[in-house]
Amino acid sequence: MADGPGTVGPVPLLIACALGIEQFALRSGRGRAETAPGPVSVLRTGMGPRAAETAVARALGQEQAPGTAVLASGFCAGLVPGMHPGDLVVADETREAGDSTVCTGPGLLAEALARAVPGHAVHTGPLTGSAHVVRGHERAELRATGAIAVDMESAATLRTALRSGPRPVAAVRVVVDAPEHELVRIGTIRGGISAFRVLRAVLPAFHEWHRSLLLPRR
């Protein structure tokens, strides 16, 4: 995205996540700030769609440069049989309550993630929202809608971001539990450790996606 009238410098990137452990992984992992093509911030929103909506609206309301790119990230529950903890999910759209938000450049993100985290499967498809942790039969019901994964904040994050003005939006999640690997608590199981390590490795792919937004459009 080329700089527009009134925009000073590169378009910033806001990465939104719910949990402190997700924020720590994103801030402490590979991909130093000086390699980013523009300003990058990692916002901890708190859990749930309402918390995400409030935090993202506040952050974008305070932004100095319009059009900040917004990327929702963190952990998710996989819905597709055969998924494993540590798999990556790139949303081509996020869904909630019958509404959907189309994501920007999911193909580019998927390719960049495959390079950044080799050996881990990258799944692209609809990412659906829920107001609570999904288990058991609810997982199968959401899978029947065509969604490949579910989390509580991504859909609210992207919807709120676009409500604040036009901008690139995306969502990348790391599977922490899946149909054959249903977990109880993120911090106490191997799946959570695997997902944490993958989340620490994704930032270079986010930078690559962000860099593509700064290229002049033809």
Side-chain angles (χ1 to χ4, degrees), residues 1 4 7 11-20 22-23 26 38-79 88-110 113 123-134 138-139 141-176 199 202 205-206 209-210 212-213:
M1 177 180 297
T7 302
V11 174
L13 171 63
L14 174 67
I15 303 171
C17 59
L19 305 175
E22 295 169 333
Q23 185 183 51
L26 289 162
V40 179
S41 57
V42 181
L43 172 70
R44 178 185 175 184
T45 66
M47 288 185 64
R50 289 188 178 181
E53 182 175 357
T54 298
V56 172
R58 182 183 300 119
L60 294 177
Q62 297 171 347
E63 66 178 344
Q64 300 300 310
T68 293
V70 174
L71 198 158
S73 194
F75 303 127
C76 71
L79 300 176
L88 287 144
V89 171
V90 178
D92 57 13
E93 65 172 325
T94 57
R95 300 173 176 175
E96 62 173 345
D99 294 325
S100 68
T101 300
V102 176
C103 296
T104 307
L108 188 151
L109 259 175
L113 287 163
H123 308 268
T124 301
L127 175 62
T128 194
S130 174
H132 59 274
V133 175
V134 172
E138 285 184 286
R139 194 190 298 268
E141 291 172 357
L142 290 174
R143 171 60 181 157
T145 69
I148 65 170
V150 57
D151 78 286
M152 293 196 290
E153 297 84 25
S154 291
T157 293
L158 302 198
R159 170 177 48 79
T160 303
L162 290 176
R163 183 185 297 164
S164 300
R167 66 188 73 248
V169 294
V172 173
R173 293 277 170 171
V174 181
V175 173
V176 73
L199 193 60
V202 299
F206 293 179
W209 176 80
H210 187 200
S212 77
L213 304 176

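With hydrogens and angles disregarded, a donor-acceptor distance shorter than 3.5 Å links the side chain of His210 to the backbone of Val11. Judged by distance alone, the side chain of Ser212 and the main-chain N or O of Trp209 form a donor-acceptor pair under 3.5 Å. Side-chain atoms of Glu22 come within 3.5 Å of backbone N or O of Ala18 as a donor-acceptor pair. Between the side chain of Glu93 and the main chain of Thr101, no donor-acceptor pair closer than 3.5 Å is present. Checking side-chain atoms of Ser73 against main-chain N and O of Val172 turns up a donor-acceptor pair under 3.5 Å. With hydrogens and angles disregarded, a donor-acceptor distance shorter than 3.5 Å links the side chain of Thr104 to the backbone of Val169. For the pair Thr145 (side chain) and Glu141 (backbone), a donor-acceptor distance under 3.5 Å is absent.
Atom OG1 in Thr45 sits 9.5 Å away from atom CD in Gln23 (nearest 0.5 Å). Note: Leu158 CG to Arg95 CZ = 14.0 Å, rounded to the nearest 0.5 Å. Glu153 CD to Thr160 OG1: the interatomic distance, rounded to the nearest 0.5 Å, is 11.5 Å. Interatomic distance, CD1 of Ile148 versus OG1 of Thr124, reported as 6.5 Å (0.5 Å rounding). Of the inter-residue distances, the one linking Ser130 atom OG with Asp151 atom CG reads 9.0 Å to the nearest 0.5 angstrom. To the nearest 0.5 Å, atom CG of residue Leu71 and atom CG of residue Leu26 are 9.0 Å apart.
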*After noting the C-alpha distance and the side-chain angles of Cys76 and Val175, does the key distance pass the side-chain contact (heavy atoms from CB on, under 4.5 Å) rule?*
CA-CA 5 Å; Cys76 71; Val175 173; 4.0 Å; yes
*Worked verdict on Cys103 versus Asp92 for side-chain contact (heavy atoms from CB on, under 4.5 Å)*: CA-CA 5 Å; Cys103 296; Asp92 57 13; 5.6 Å; no
*Criterion side-chain contact (heavy atoms from CB on, under 4.5 Å) on His123 and Arg173, from CA distance to verdict*: CA-CA 10 Å; His123 308 268; Arg173 293 277 170 171; over 6 Å; no
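Thr157 and Ala52 make their closest contact through OG1-CB, 3.7 Å (heavy atoms, listed as atom of the first residue, atom of the second, distance). Of all non-hydrogen atoms in Ala156 and Pro49, the two that sit nearest each other are CB-O, 3.5 Å. Pairing each heavy atom of Ala51 with each of Met47, the nearest pair is CB-O, 3.3 Å. When every heavy atom of Ala171 is checked against every heavy atom of Leu127, the shortest pair comes out as CB-CD2, 3.9 Å. The shortest non-hydrogen separation linking Leu60 to Ala161 is CD1-CA, 3.6 Å. Of all heavy-atom pairs spanning Ser154 and Ala72, the tightest one is OG-CB, 3.7 Å.
No option in Val40, Val70, Thr68 other than Val40 meets the side chain to side chain contact (heavy atoms under 4.5 Å, CB included) test with Leu13.
The salt bridge (charged side-chain N to carboxylate O under 4.0 Å, His left out) check on Arg44 picks up nothing, with sequence neighbours excluded.
Under a cut-off of 6.0 angstrom, the local environment of CZ in Arg50 is sparse, with at most 12 non-hydrogen atoms contributed by other residues, nucleotides or ligands.
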